[in-house]
*Asks:* 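I am attaching a structure below and will ask some questions about it afterwards.
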Amino acid sequence: MHRSVKDHEDFREPGRAPRPLRASPPPRTIPADSIPRTALDQDALRVVSRLEREGHEAYLVGGCVRDLLIGRAPKDFDVATSAHPRQIKRLFRNARVIGRRFKLVHVVYGEHIVETATFRSDPLAAEPEEGVVEAATQGALDDLLITEDNEFGTAEEDARRRDFTVNGLFLDPLHNVILDWVGGIDDLERHMLRTIGDPQKRMAEDPVRILRAIKFATRLGFHVEERTWEAMIANAPRLARSAPPRVLEEILRLLRSGTALGAFRMLRASGALRVVLPAIDHFLGSPDDPAAQPRAETFWRLLEALDNDVHQGYVPSTAVCIALLYLRIIEREADPATREGRGAPPDLLTVTGEVLEPIALQTRLPRRDTARARRIVFQQRRFTQVGTKRFRPLLFLRSEDFPEALDLFRLRVAARGQGWDLYEGWRDRYRRFRTSPPEAVAAEFGSEPEEPRRRRRRRPRRGSSAGNARSAGAE
Ligand code: ATP
Ligand code: MG
């Protein structure tokens, strides 16, 4: 990363509206020379240029600036601006205002959307006694518009309300400078993840940041700064009060990150796993219980297998993620030897339901995903029925769950390190089923009665590579 540090220089064109007086020091600015022009998203650049031409401040912000500075390809390019949603909307015919609480503007270029947000201040930065938003100066106060749902702010406030210093950098692409109010440049160079402001306060006000910290630390290979880590541990119990869908979304992101193994080890070490996925934490047992280690190891191997596949481009569906997480617990519950005096286990489908139902309720997992997770766990035994009397591949191959059941089987085989021949047999069989003419399918797999028609067709699932292949080929 470019390191030549300059004192704040006024890179703004003369004649622009003067910025309000501020009590705090100006941002550190460094030239963005290390970022190749070609790495920038052209549509996002168009949005920033237009806004600036119209006299507004506008920057690329957040994750894209972080990723550009460390040479990673950003997932998306977000714009932050002083222009209010209505003003943005007036400037772009292709703009849509979205959101109820926080209004955002989507500037739409065909399939591609540039998310454009007005600078916001952190409402929790208010003085607690007064309960009002405290602006840095009287001048800045004039710049604020407080509406019922939006607390607009300055660029600096917008940087400071963000979660981690490395996520709080602003890039002015027209003047090719990075603005840093929060120490993000130093932390990027040190590979350090640190909250902006007091970590205890920032983690307490939004405990989902604990999960985000784990996501960024493992994805970027960054070290979590000590006080930030202590705040994560101290605030982990508060995750119980965070909105379940946000928590679930972050857990799924960790599973799809390619660093699920490291992320889950950190979840456990921080105490967050005990709060967000208590059954899994319990299954892994106490670290000083030697008897628990072998079963914990089988869980870690599954995550390792998942990471390997994700590195090859696999995107696990929600049902596969859930099935993978709870597979070991279900197997253990279904094993008469481990029922601990609770009598003979009911059948596998019932056990799977018993394990997954409470989880689905707690995490508000969509019913459709829980039901599918339950079925693909149950279907695993079919993969080993090759050559037996009950081997009826056609019905199984035709089932809409097959691609995800096969994904789960592959992960199990990879975790165990054996059974590849079985997996490859099924993979090839499925390929032939999808690509061969009906007579060839009938000749190879026999003709079985059509499955009873389902009451409604299900939409193809997003995220399952096998699912996409199936819907492209078989339907
Ligand atoms: P990714 O590459 O995964 O998209 P990102 O940094 O862009 O990472 P997003 O979740 O897309 O993360 O959020 C965009 C930006 O919004 C973040 O970089 C951060 O500045 C800010 N942000 C997101 N979530 C929070 C939060 N819970 N608290 C404070 N700031 C947040
Ligand atoms: Mg992002």
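As the structure lists them, so they are numbered: ligands from 1, and atoms in each ligand from 1. One-based numbering along the sequence shown. Quick note: numbers below take in every heavy atom, side chains included, and nothing from hydrogens, waters or symmetry partners.
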*Asks:* Determine the minimum heavy-atom distance between Ala415 and Ala305, stating which atoms define it.
*Replies:* N-CB, 4.0 Å
*Asks:* Write out all pairs satisfying side-chain hydrogen bond (donor to acceptor under 3.5 Å, both in side chains) with one or both partners inside residues 228-241, taking only residues at least two apart or from two chains.
*Replies:* Gln200-Asn235, Glu225-Thr228, Asn235-Arg238
*Asks:* Please identify which atoms of ligand 1 are closer than 4.0 Å to at least one heavy atom of Gly62.
*Replies:*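 Ligand 1 atoms under the 4.0 Å threshold to Gly62: 18 (O).
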*Asks:* Centre of Phe164's six-membered ring, under 6.0 Å away, within 45 degrees of the axis: is that where NZ or CZ of Arg209 sits?
*Replies:* no
*Asks:* Is the NZ or CZ atom of Arg410 both under 6.0 Å from the centre of the six-membered ring of Tyr314 and within 45° of that ring's axis?
*Replies:*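 Yes, a cation-pi geometry.
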*Asks:* Are any of the N/O atoms in Asp78 less than 3.5 Å from those in ligand 1?
*Replies:*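 Among all N and O atoms of Asp78, none is under 3.5 Å from an N or O of ligand 1.
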*Asks:* Using the ring of Phe283 (Phe, Tyr or Trp, six-membered ring only), decide whether Arg295 places NZ or CZ under 6.0 Å from its centre and within 45 degrees of its axis.
*Replies:*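 Yes; both conditions hold, so Arg295 lies above the ring face of Phe283.
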*Asks:* Looking only at heavy atoms, is any part of Asp206 under 4.0 Å from ligand 1, and if so is it the side chain, the backbone, or both, or is it neither?
*Replies:*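 It is the side chain that touches ligand 1; the backbone stays farther off.
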*Asks:* Does ligand 1 have a heavy atom under 4.0 Å from the side chain of Phe216, from its backbone, from both, or from neither?
*Replies:* side chain
*Asks:* Using protein heavy atoms only, decide if any is under 4.0 Å from atom 13 (O) of ligand 1.
*Replies:*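 Answer yes: something from the protein, a heavy atom, is under 4.0 Å.
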*Asks:* Can you check which of Arg120, Arg162, Arg212 brings a heavy atom nearest to atom 23 (C) of ligand 1?
*Replies:*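 Comparing heavy atoms across Arg120, Arg162, Arg212, the nearest one to atom 23 (C) of ligand 1 lies in Arg212.
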*Asks:* Among the N, O or S atoms of Asp76, which one sits nearest to the Mg ion (ligand 2)?
*Replies:*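 Of all N, O or S atoms belonging to Asp76, OD1 is the one nearest the Mg ion (ligand 2).
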*Asks:* Which atoms from ligand 1 have a heavy atom of Lys75 less than 4.0 Å away?
*Replies:*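 Contacts of ligand 1 toward Lys75, numbered from 1: 1 (P), 2 (O), 3 (O), 4 (O).
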*Asks:* Quick one: nearest non-hydrogen protein atom to atom 19 (C) of ligand 1, plus distance?
*Replies:* Asp163 OD1, 3.5 Å
*Asks:* Quick one: which ligand 1 atoms are inside 4.0 Å of a heavy atom on Gly63?
*Replies:* 5 (P), 6 (O), 7 (O), 18 (O)
*Asks:* Contact between Arg202 and ligand 1, counting heavy atoms under 4.0 Å?
*Replies:* no
*Asks:* Just need the protein heavy atom nearest to atom 28 (N) of ligand 1, so name the residue and atom and give the distance.
*Replies:* Arg209 NE, 2.9 Å
*Asks:* Got more than 12 heavy atoms from elsewhere within 6.0 Å of NE2, His112?
*Replies:*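 Count over threshold, so yes.
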*Asks:* With distance as the sole criterion, is a donor-acceptor pair present between the side chains of Asn308 and His311 under 3.5 Å?
*Replies:*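 There is no such pair (donor and acceptor under 3.5 Å, judged by atom type) between the side chains of Asn308 and His311.
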*Asks:* Establish, yes or no, whether the cationic atom of Arg28 lies under 6.0 Å from the six-membered ring centre of Trp181 and within 45° of the ring axis.
*Replies:*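 No - Arg28 does not lie over the ring of Trp181 by the 6.0 Å and 45° rule.
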*Asks:* Is it true that the side chains of Arg256 and Thr318 contain a donor and an acceptor less than 3.5 Å apart?
*Replies:*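 Yes, because at least one side-chain N or O of Arg256 sits under 3.5 Å from a partner of the opposite role on Thr318.
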*Asks:* Any non-hydrogen atom of Glu249 lying under 4.0 Å from ligand 1?
*Replies:* no
*Asks:* When the ring centroid of Phe222 is compared with that of Phe216, is the distance short of 6.0 Å?
*Replies:* no
*Asks:* Flag Gly168 as yes when one of its N or O atoms lies below 3.5 Å from any N or O atom of ligand 1, and as no otherwise.
*Replies:*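 No, there is no polar N/O contact under 3.5 Å.
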*Asks:* Is the contact between Glu205 and ligand 1 made by the side chain, the backbone, both, or neither, using heavy atoms and a 4.0 Å cut-off?
*Replies:*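 The answer is neither; Glu205 stays 4.0 Å or more away.
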*Asks:* Hey, is Arg246 touching ligand 1 through its side chain, its backbone, both or neither, going by heavy atoms under 4.0 Å?
*Replies:* side chain
*Asks:* Check this for me - ligand 1, Arg219, N or O atoms closer than 3.5 angstrom, yes or no?
*Replies:*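 By distance alone, the answer is yes.
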*Asks:* Any idea which protein heavy atom is nearest atom 6 (O) of ligand 1, and the distance to it?
*Replies:* Arg66 NH1, 2.8 Å
*Asks:* Looking only at the side chains, is there a donor atom on one of Arg66 and Asn167 sitting less than 3.5 Å from an acceptor on the other?
*Replies:*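 Side-chain D/A pair, Arg66 to Asn167: present.
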